[in-house]
Amino acid sequence: QVQLVQSGGGLVQAGGSLRLSCAASERAFRFYAVGWFRQAPGKEREFVGAISWSGGRTDYADSVTVRFTISRDNSKNTVYLQMNSLKPEDTAVYYCAADRTTGTERLSLVCAEYEYWGQGTKVTVSS
């Protein structure tokens, strides 16, 4: 069982930046790919981006590529989502999720592929 604890988020003006963190207490976390998803009010949860277990591969949704960056520090069992040039349409609850992919650089864009989820953190971008 991997428990994911998210931090960061909050209220920011358009054009600003925020960094979200996703931390796990288990060292096995380093064997998991981590995805970030978001869900805006009244909308389905959508893929934001993901990073492979090694950190060697990342993938992003078209709507956030260039503006968002995912990184990980496996020595701290933590993955980060750096969000720059935020827009009001980025307003949502953001979730991190873990998918055990030891030995592969596979990344999934599908919620159902992820086994463990963080509690979610709200990001509000004002215009």
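Keep in mind it's a predicted model, so treat the numbers as computed, not measured.
- Trp36 and Leu4 end up in the same hydrophobic cluster when Ile, Leu, Val, Met, Phe, Trp and Tyr side chains are linked at under 4.5 Å.
- Cation-pi contact between Arg45 and Trp117: present, with separation from the ring centre below 6.0 Å and deviation from the ring axis of at most 45°.
- Around the CD atom of Glu115, the shell of radius 6.0 Å holds more than 12 heavy atoms that belong to other residues, nucleotides or ligands.
- Under 3.5 Å, the side chains of Asp99 and Thr101 contain no donor-acceptor pair of N or O atoms.
- Relative to the six-membered ring of Phe29, Arg100 misses at least one condition, a distance below 6.0 Å or an angle of at most 45° to the axis.
- Here the rule is side-chain contact (heavy atoms from CB on, under 4.5 Å) with Leu18, and of Asp90, Leu11, Val12 only Val12 fits it.
- The closest side-chain heavy-atom distance from Met83 to Leu20 is below 4.5 Å.
- Remark: the backbone N or O of Trp53 is paired with a side-chain donor or acceptor of Asn74 at under 3.5 angstrom.
- Hydrophobic clustering (side-chain heavy atoms under 4.5 Å, transitive across Ile, Leu, Val, Met, Phe, Trp, Tyr) keeps Leu86 apart from Val93.
- A donor-acceptor pair shorter than 3.5 Å can be found between the side chains of Asn84 and Ser17.
- Within the 4.5 Å cutoff, the side chain of Arg27 has heavy atoms near those of the Asn77 side chain.
- For Ser108 and Glu113, the side-chain atoms include no donor-acceptor pair closer than 3.5 Å.
- For Ala40 against Ala92, the heavy-atom pair with the smallest separation is N-CB, 3.8 Å.
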Run the side-chain contact (heavy atoms from CB on, under 4.5 Å) check on Phe68 and Val48 step by step: do they pass? CA-CA 9 Å; Phe68 289 13; Val48 173; 3.7 Å; yes
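- In this structure, Arg67 and Lys87 have side chains that are in contact, with non-hydrogen atoms separated by less than 4.5 Å.
- Taking 4.5 Å as the limit, every side-chain heavy atom of Val79 sits out of range of all side-chain heavy atoms of Leu81.
- In this structure, CG in Asp59 is found 12.5 Å from CD in Glu105, a value given to the nearest 0.5 Å.
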side-chain contact (heavy atoms from CB on, under 4.5 Å) assessment of Tyr60 paired with Ile70: CA-CA 9 Å; Tyr60 299 93; Ile70 300 173; 3.7 Å; yes
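- The distance between the ring centers of Tyr114 and Phe37 falls below 6.0 angstrom.
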Full working for side-chain contact (heavy atoms from CB on, under 4.5 Å) between Gln39 and Tyr94: CA-CA 7 Å; Gln39 188 165 18; Tyr94 284 71; over 6 Å; no
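- Using a cutoff of 4.0 Å between basic side-chain nitrogens and carboxylate oxygens, Arg38 and Glu46 are scored as salt-bridged.
- Using a 4.5 Å heavy-atom threshold, the side chains of Tyr95 and Cys22 count as separate.
- You'll find the side chain of Val2 reaches within 4.5 Å of the side chain of Tyr32, heavy atoms only.
- Summarising the geometry of Pro88 relative to Ala14, their closest heavy-atom pair is CD-CB, 4.1 Å, with the distance given to 0.1 Å.
- Atom OH of Tyr80 sits about 8.5 Å away from atom OG of Ser7, to the nearest 0.5 Å.
- Using a 4.5 Å heavy-atom threshold, the side chains of Phe47 and Val110 count as separate.
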Evaluate Leu107 against Arg57 for side-chain contact (heavy atoms from CB on, under 4.5 Å), listing each step before the verdict. CA-CA 8 Å; Leu107 295 177; Arg57 183 185 172 197; 3.8 Å; yes
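- No donor-acceptor contact under 3.5 angstrom links the side chains of Ser21 and Gln6, judged on distance only.
- Residues Arg72 and Thr78 form no side-chain contact, since every pair of their non-hydrogen atoms from C-beta on lies 4.5 Å or further apart.
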